[in-house]
Number of protein chains: 2
Amino acid sequence: MASKSKMDGSIGAKNKQKILAAAEKAFATYGFKGTSVQQIADEAELPKTNILYYFKSKQGLYVAMLQDIMSLWNSRFDQVTEEDDPAESLADYIADKMTVSRTHPQASKIFAMEVLNGAPYLNKFFSNEHVAWMEGRVAILNRWIEQGRMTPVDPLYLLFHIWACTQHYADFSAQITSLRGKTMKRADFDEATRQLVQLILSGCGLTVPEKYAEL
Amino acid sequence: MASKSKMDGSIGAKNKQKILAAAEKAFATYGFKGTSVQQIADEAELPKTNILYYFKSKQGLYVAMLQDIMSLWNSRFDQVTEEDDPAESLADYIADKMTVSRTHPQASKIFAMEVLNGAPYLNKFFSNEHVAWMEGRVAILNRWIEQGRMTPVDPLYLLFHIWACTQHYADFSAQITSLRGKTMKRADFDEATRQLVQLILSGCGLTVPEKYAEL
DNA sequence: CAATTTCCTGACCACTTAGTCACTTTTTAC
DNA sequence: GTAAAAAGTGACTAAGTGGTCAGGAAATTG
């Protein structure tokens, strides 16, 4: 939730946060082209010109908001080493990602839209930090496999599948709500997490840790 | 690929198809608001007014295209009964859905965008055919579980996870391509399918059928 | 208190957009 | 062949868009 620019002018800082929050809500609901600066202004309860004062353009605001969002992707899994336990590390990672889907569904949707449209503003990020992160995690998973601590699976696809399932609960909430006949509450997310942890870990030949076991 | 209106005027039918194909391409790339009727006209190599002649409005064209797309979701899994083999039925379903992701990525992206934005044009579909389909499939999965033919999992979440993973390969292709450094070819989809079948089936306590086993 | 920087905004503009309309051309039907 | 229906289209309109700008208010600093 932090932005790197001038935290000095406390008035400006506060307004920027208010604008970023309004932008997240609006962009998540209507997409980049579908959202007008006026809508964001209404949501933030500020005149339109004020938005353009803090962020030089609609695109500038969008990019600033995207950077904010990307920081949510950090998790305990970033620090995992090959000494850690595969089952617990993966289960925790799944749980972390499920938590983000529950607490920041709008951010997840914006990210999804961005990637759907070819990730025009994320390609730079993808080909730098993201690739490096991926290589590191894949290496650790491969070590675990070499050591016989989990079933041989392709780590790349395994991570894709974890992302797909966890983000699905944020991105496709409309479909999920329709099919369930009710929205996903905290308890439902916990149950979904248990189901997913069981599925993925069993699929990797791992035993589900105590704390993710069913009641 | 069929639309219900006048298939008589072969000129009109052909043009409608050309327009629908152009619309699918454009909407998948730029979204509903991000696509102008003029862009679709250029793509279809027809004057803009001609588009509005066949489809009374941009929204009308969009809805017609959505209906076209929904028919792609049919699969062999629709006809599965409790007498069928769980492992083979699920594996085939996963493979079918992966095939659609490979052959119709644009359709998948449009569906994803629609759901992301709250599924305004699909809510009716969701609360009718889709719910019925879901209840039927859930019932069969529960029978398989009662009969001890697969691990007890919540069928609802299992289906969510299958959709999430299979559609991910179409919807998030930009991210996948960036991280792999190359696009997914036919062989890559086949490998992803094998990986996913293994993950899901193992997660359900099922044995992977011969035809989806690794080389 | 004065000066300077930050903050704020109404009026306005250039441009794009979906959709209409009057009209012509082509195809079909008898 | 001719009438009627379908197909096709250029010119236009009304509404909404992102963004500019000139000028003023408020806060900060010395």
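Below, chain A is the first sequence line, B the second, and so on; all start at residue 1.
Of the side-chain N and O atoms in Y54(A), one or more sit less than 4.0 angstrom from OP1 or OP2 of dC8(C). Distances shown here put every side-chain N or O of N15(A) at or beyond 4.0 Å from the OP1 or OP2 atom of dT6(C).
Within 4.0 Å (heavy atoms only), T49(A) reaches at least one base atom of the nucleic acid.
Judged by distance alone, with hydrogens and angles left aside, K48(B) brings a side-chain donor or acceptor within reach of the base of dG19(C), the pair sitting under 3.5 Å.
Nearest nucleotide to the side chain of Y53(B), out of dA6(D), dG18(D), dG10(C): dA6(D). Nearest to the side chain of V37(A), among dG18(D), dA18(C), dG10(C), sits dG18(D).
Under a 4.0 Å N-O distance rule, the pair K182(B)/D188(B) does not qualify as a salt bridge.
Following rounding to the nearest Å, K56(A) (NZ) and dT6(C) (C1') show an atom-to-atom distance of 14 Å. In this structure, the NZ atom of K18(A) is 13 Å from the C1' atom of dC8(C), given to the nearest Å. Residue Q59(B) contributes atom CD, which lies 8 Å from atom P of dG19(C) at whole-angstrom precision. If you measure from atom CG of N50(B) to atom C1' of dA6(D), you get 11 Å, rounded to the nearest angstrom. Per the geometry, NZ belonging to K14(B) stands 17 Å off C1' belonging to dT26(C), to the nearest Å. Residue Q38(A) contributes atom CD, which lies 9 Å from atom P of dG18(D) at whole-angstrom precision. The interatomic distance linking D42(B) (CG) with dA18(C) (P) rounds to 12 Å, in whole Å. Rounded to whole Å, atom C1' of dA22(C) lies 16 Å from atom CG of L52(B).
Checked against the 6.0 Å centroid threshold, W163(B) and H161(A) do not count as a close aromatic pair.
Around OH of Y62(B), the count of heavy atoms belonging to other residues, nucleotides or ligands within 6.0 Å exceeds 12.
Between the side chains of Q59(A) and Y121(A), at least one donor N or O lies within less than 3.5 Å of an accepting N or O.
Taking for each of K33(A) and L46(A) the nucleotide of DNA chain C with the nearest heavy atom, the 5'-most of the two is the partner of L46(A).
Y30(A) places none of its side-chain heavy atoms less than 4.5 Å from the side chain of N117(B).
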